[in-house]
Amino acid sequence: MARHLITSALPYINGIKHLGNMVGSMLPADVYSRYLRQRGHDVLYICATDEHGTPAELAAKERGLPVDEFCAQAHDAQKAVYDGFALAFDYFGRSSSAENRDITQHFARKLNENGFIEERAIRQVYSPADGRFLPDRYVEGTCPHCGYDKARGDQCENCTRVLDPTDLIEPRSAISGSTDLEVRETKHLFLLQSKLQHEVEEWVARHEQDWPQLASSIARKWLTEGLHDRAITRDLDWGVPVPADTWPELAAEGKVFYVWFDAPIEYIGATKEWADQDPENRDWKSWWYEADDTVRYTEFMAKDNVPFHTVMFPATELGVREPWKKVDYVKAFNWLTYYGGKFSTSQRRGVFTDQALDILPADYWRYFLIANAPESDDASFTWEHFTATVNKDLADTLGNFVNRVLSFSRKRFGDEVPAGGEAGEAETRLGEEIAGLLAEYENQMEALQFRKAASALRALWSAGNSYLEEKAPWLQIKTDKDAAALTLRTAMNLIHLYAVVSEPFIPASSAAMRAAFALPDDTAAWVTADEAKSLRTLAPGVPFTVPPVLFAKLTDEDLETYKERFGGTEG
């Protein structure tokens with residue numbers, strides 16, 4: 001079996017993420033990781049909080065905390081939410097770790113040795129009141145295009161126009177509020193991406209045919225426009241420091257590496273963090289160094305992160321001139337919107353992941369988000385769509401099937417799987433149908449087509465309901481008790497099959513379904529085609545219980561409550 005390395009784009013440290021962030025990287029990566037593990041693959045799923053950059057310092061300032069303390073608290077808060085969503089990371093690290101610092105500095109030294117880093121003088125805003133140069137985001141003012149009075153020096157969040165600090169009207173320091181600003185000369189390190197353009201183009205050309213069109217088109221657009229040399233250092237108090245043994249002057253000035261440079265390296269850093277917890281049994285380099293022939297690396301991200309992962313980080317890895325593992329497959333997603341408008345962390349518009357878990361268990365969200373993942377285009381979250389999906393797919397199709405089969409069987413045959421007669425034509429047809437639908441489900445999961453995989457899973461659930469309606473054990477029991485017992489035993493085997501194959505989507509509910517049957521040695525990781533055809537995993541006499549209702553139907557009153565709390569229209 002292949003070894004699979006899986007990473008999600010690192011969630012930024014400043015605040016709890018919204019549902020768009022969840023479905024854009026972490027949740028599909030978790031679903032895929034779970035599926036691969038069940039199929040017997042060796043999987044390492046790595047993620048981390050992205051903790052450097054100006055927003056972290058500004059968020060810490062707003063909270064009145066030292067930035068390291070703020071980041072530690074925010075990391076724990078995010079991790080608690082991801083645990084609530086049952087994201088089964090092998091390790092969830094921090095980009096502020098010592099491991100990431102050391103590897104980032106190593107990369108920088110190697111890039112410098114190979115002629116891909118250059119020290120350049122630039123002109124930058126300086127605040128005498130703060131006694132420091134101000135990165136773009138540390139300068140605020142009025143947008144010259146739309147008049148928004150809290151625009152940042154890099155971009156106006158209101159109209160989304162890209163800005164330079166000198167474009168702002170009445171610019172001020174985001175630290176002190178001082179308007180006494182100057183433009184002075186300072187030095188920074190630049191990564192000479194222009195010198196790596198041809199190599200990156202060749203590397204992308206070898207891989208882009210395997211990527212989704214969204215990822216390959218974005219990468220190609222950036223390459224067509226040409227790679228530009230980019231500053232990789234900033235004047236900040238918080239970040240990976242420039243190593244003094246290579247750039248003593250810049251190190252003395254307190255320069256740190258810019259977040260876009262060190263964040264992708266944290267994938268490697270977090271893997272080393274994971275290995276350092278158990279160094280005798282974990283080899284981090286085997287996943288990242290000279291691993292092209294032994295590891296398949298899949299990255300998950302929203303489309304705004306695609307350039308960093310398909311062009312910029314590969315350029316860094318190529319320039320290091322060492323055999324670091326590069327991505328094999330980039331699974332990129334479009335946006336999930338809220339009633340057609342943008343989710344906004346700063347403006348608290350839309351549903352955020354902690355709020356989602358306050359309302360309903362994680363499996364409701366996991367299923368809905370993956371079944372409606374923004375793969376081919378942007379997708380819109382609405383409470384009406386969410387409610388309809390939960391009620392139809394989860395409550396009616398799956399939950400009701402489980403409840404009525406087990407409840408009816410217990411009422412008529414007691415607390416053990418009934419025996420019944422021999423399987424007949426209906427059971428043979430059902431087995432063939434289930435085997436075919438399972439193969440379709442597997443094919444779509446292998447292809448990372450999540451909406452189609454959800455559709456195939458839903459079809460599996462629906463097949464059980466169709467069988468139950470055809471056989472009607474509530475009528476069979478009146479004239480042929482053995483026939484009713486066969487129908488219920490077959491349906492119970494379907495429930496066990498659903499428990500196994502639904503686990504990537506709804507792990508808690510799958511565990512509840514599996515736990516309903518007191519199998520002495522239930523170690524099934526997946527279901528073979530023959531098992532699907534026979535539907536005989538559960539033998540007569542296996543004790544069972546009726547689990548609590550798996551999914552409660554959402555009412556019109558629930559819908560109105562959610563819309564009132566979060567808003568039912570754009571903005």
Side-chain angles (χ1 to χ4, degrees), residues 7-12 24-25 46-48 50-55 95 100 103-112 114-118 120 135-137 154-155 162 188-208 211-212 214-234 239-240 242 256-270 288 297-322 324-333:
T7 62
S8 298
L10 308 187
Y12 199 69
S25 60
I46 294 292
C47 194
D50 182 3
E51 300 187 7
H52 294 141
T54 52
S95 68
N100 192 44
I103 297 172
T104 297
Q105 291 180 339
H106 169 80
F107 269 46
R109 291 188 187 99
K110 287 296 181 181
L111 287 164
N112 186 59
N114 297 329
F116 296 119
I117 288 182
E118 184 175 281
R120 294 179 180 177
D136 295 350
R137 285 195 175 210
D154 60 345
Q155 187 177 35
V162 176
H188 281 287
L189 299 179
F190 280 72
L191 177 61
L192 306 184
Q193 293 186 141
S194 60
K195 294 176 67 174
L196 290 159
Q197 166 100 23
H198 182 64
E199 292 180 53
V200 176
E201 284 180 330
E202 289 185 340
W203 179 80
V204 169
R206 292 196 302 271
H207 293 82
E208 63 180 334
W211 298 345
L214 178 62
S216 59
S217 63
I218 292 174
R220 184 53 56 189
K221 177 177 181 292
W222 275 67
L223 289 169
T224 299
E225 293 175 355
L227 297 188
H228 302 287
D229 302 338
R230 288 175 60 106
I232 60 171
T233 54
R234 286 291 188 272
V240 174
V242 170
V256 301
F257 288 107
Y258 194 22
V259 62
W260 76 263
F261 180 73
D262 83 87
I265 298 172
E266 167 59 8
Y267 297 132
I268 307 173
W288 282 103
Y297 178 21
T298 306
E299 292 178 338
F300 290 80
M301 70 200 68
K303 57 187 176 183
D304 57 331
N305 274 310
V306 169
F308 296 99
H309 293 79
T310 61
V311 175
M312 297 180 191
F313 187 45
T316 296
E317 290 185 293
L318 288 165
V320 169
R321 300 297 192 236
E322 292 178 337
W324 294 98
K325 178 65 182 177
K326 300 170 193 66
V327 65
D328 293 300
Y329 191 85
V330 178
K331 179 61 178 179
F333 291 85

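No hydrogens or angles considered: nothing links the side chains of H52 and E266 as a donor-acceptor pair under 3.5 Å.
Classification of the F107-F313 ring pair by plane angle, with boundaries at 30° and 60°, yields parallel. Taking the six-membered ring for Trp and thresholds of 30 and 60 degrees, Y297 and W288 have ring planes more than 60 degrees apart, a perpendicular arrangement.
Take R109 and apply the salt bridge (Lys or Arg N to Asp or Glu O under 4.0 Å) test, not counting sequence neighbours, and it matches D245. Partners of A263 by side chain to side chain contact (heavy atoms under 4.5 Å, CB included), not counting sequence neighbours, listed by chain and number: L10, D50, V259.
A donor-acceptor pair under 3.5 Å links the side-chain atoms of K195 to the main chain of G115, judged by distance alone. Side-chain atoms of E299 never come within 3.5 Å of backbone atoms of T7 as a donor-acceptor pair (strictly under, hydrogens ignored). Looking at S95, its side chain does come within 3.5 Å of a backbone N or O of E51 through a donor-acceptor pair. In terms of modelled atom types and a separation under 3.5 Å, the side chain of Q197 and the main chain of L227 share a donor-acceptor contact.
The one candidate from L111, V240, L189 that meets the side chain to side chain contact (heavy atoms under 4.5 Å, CB included) condition with F261 is L111.
Rounding to the nearest 0.5 Å gives a distance of 11.5 Å between OH of Y267 and CD1 of I46. Between the CD atom of E199 and the CD atom of E317 there is a distance of 12.5 Å, given to the nearest 0.5 Å. Taken from CZ in F300 to OG in S8, the straight-line distance is 7.0 Å, to the nearest 0.5 Å. Within the model, atoms OG of S216 and NE2 of H207 stand 13.0 Å from one another, a figure rounded to the nearest 0.5 Å.
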